[in-house]
Amino acid sequence: METNILYTHKSLVEKSKLGDRNAQYKLYELYVDAMYNISMRMMHIKEDAEDVVQDSFIEAFNNLSSFRYESTFGSWLKRIVINKSINQLKKKKIPVVPIENQMYHIKEDTEDVSPEIDIKNIVKGIRLLPPGYQQIINLYLIEGYDHIEISEILEISPSTSKSQYHRAKKKLIEIVKTL
Amino acid sequence: MDNFEKYIKDNKALFDVHKADKSKLWANIESGLNKPESKTKTIKLWSHPILKVAATVVVALGLFSLINIFIVGQANKNTQNYAALQELNDIDSHYKGLVAYQVKLVNKSTQLSSEEKKEFLSFMDELDIEYGLLKIELQKNVDSERILEAIVINYKKRIELIENLLEQINSSKKLDNDDVYTL
């Protein structure tokens, strides 16, 4: 079963490896919106997100020979988009990790939120978080990475990822409640 | 996973609110891609109306440049012809000068009877006619190199003819002189 998922779009990927423009375009068509949304969530600026998506597809297709079905093509591509987005944010000096001194004033109380919140408000709430918090919420909650993967992406330890995530989530709930 | 997390994960799709500008992004991506190893280059993308227009423009530009190249090629050909003609004109004026000069000498010569002059000039006329034919041939551009050669030979013959004639005149003069001395 697992291998079946890993080999999603195998024939398209194989043709693309040989440089078949048609197959490359089909793959692009399948993934471009998802990748654009991922990048938009991180970059927030249309032009920046477009640049990231373009560069990611170019890198993906030009280095497709190094893709060996250890993950799905989609998650391989997504990782490229995420890495490029993080690099761009770093270049723009936008913090990708929460600032350290915010670490020491939390009490671990799990507030539960009514599950009836409008997703639009959550999207808005994420936008209102400090930049470092936004990335960890995006990566964990929306992109679905675990803390080990996030630790690789953001170059932090998995435990930092965990603790930062919990703080970010708490803050997000606070914000969403006010909306 | 708490309710909040679960709620978000269940509604993940709702976070994808943006639509990418597919054709614009692809155009930029395509220009950055390595050249494909295979020849299959047919791209589905032409179904987009904007790209159709772009493709038309590209095709039109291509045609235009092709026509342009063709015209320039023609012009080159013309300049080649022109060069040959120029060459011919140079040869022409050089030999014409020589021939005219020598014909003048013959006409001036008092040693020749009008009959002899007439005979000689009729030879020259023959060669003139041949020369005219060669010039027409040259414009047809069959084998310009050979025709040019023939024209040169034609001129050389005339000059040879004149030189021979003049030699004869001179030798007869000398003969006369010799006679005087022997006497």
Joint cluster assignment, B:V17 & A:I119, ILVMFWY side-chain distance < 4.5 Å:
no

CZ of A:F57 to CG of B:L33: how many Å apart, nearest 0.5 Å?
10.5 Å

For B:D21, is it the side chain, the backbone, both, or neither that has a heavy atom closer than 4.5 Å to a heavy atom of chain A?
both

Side chain from CB out, backbone as N, CA, C, O: work out which of these in A:E59 comes under 4.5 Å of a heavy atom of chain B, or both, or neither.
neither

Could you check B:E30 against A:Y28 for side chain to side chain donor-acceptor pair (under 3.5 Å), going step by step and ending with a plain yes or no?
CA-CA 11 Å; B:E30 210 185 7; A:Y28 163 79; over 6 Å; no

For the atom pair CD1 (A:I58) and CG (B:N28), what is the distance rounded to the nearest 0.5 Å?
7.5 Å

Between atom CG of A:N37 and atom CZ of B:F15, what is the distance when rounded to the nearest 0.5 Å?
11.5 Å

Within a radius of less than 6.0 Å around NZ of A:K90, do more than 12 heavy atoms belonging to other residues, nucleotides or ligands occur?
yes

In terms of heavy-atom pairs under 4.5 Å, which option from A:L141, A:I126, A:L172 contacts chain B the most?
A:L141

Quick check: closest heavy atoms across A:N62 and B:G32, and the distance to 0.1 Å?
ND2-O, 3.1 Å

Do the side chains of A:Y25 and B:V58 join up, straight or via other hydrophobic residues, at under 4.5 Å, putting them in one cluster?
no

If I take atom CE from residue A:M35 and atom CG from residue B:L25, how far apart are they, to the nearest 0.5 angstrom?
13.0 Å

Can you confirm whether more than 12 heavy atoms, excluding those of A:K84, are under 6.0 Å from its NZ atom?
yes

Looking at side-chain heavy atoms only, is the closest gap between B:K22 and A:Y36 below 4.5 Å?
no

So, the part of A:K46 with a heavy atom under 4.5 Å from chain B: the answer is side chain

In terms of hydrophobic clustering (I, L, V, M, F, W, Y; side-chain heavy atoms under 4.5 Å; direct or indirect links), are A:V53 and A:I45 co-clustered?
no

Quick check on A:K171: does its NZ atom have over 12 non-hydrogen neighbours (other residues, nucleotides or ligands) under 6.0 Å away?
no

Rounding to 0.5 Å, atoms CD1 (B:I8) and CD1 (A:I137) come to a distance of 7.0 Å

Tell me, please, which residues at least two apart from B:K19 pass salt bridge (charged side-chain N to carboxylate O under 4.0 Å, His left out).
A:D33

How long is the span from the CG atom in B:D2 to the CD1 atom in A:I173, to the nearest 0.5 Å?
6.0 Å

How about NZ on B:K12, more than 12 heavy atoms from neighbouring residues, nucleotides or ligands closer than 6.0 Å, or not?
yes

side-chain contact (heavy atoms from CB on, under 4.5 Å) evaluation trace for A:R41 with B:D16:
CA-CA 9 Å; A:R41 278 195 284 275; B:D16 282 0; 2.9 Å; yes

Honestly curious: do B:I153 and B:L161 fall in one hydrophobic cluster under the side-chain, below-4.5 Å linking rule?
no

CD1 of A:I148: more than 12 outside heavy atoms within 6.0 angstrom?
no

Check step by step if side-chain contact (heavy atoms from CB on, under 4.5 Å) holds for B:W26 and A:Q54.
CA-CA 8 Å; B:W26 178 251; A:Q54 282 166 21; over 6 Å; no

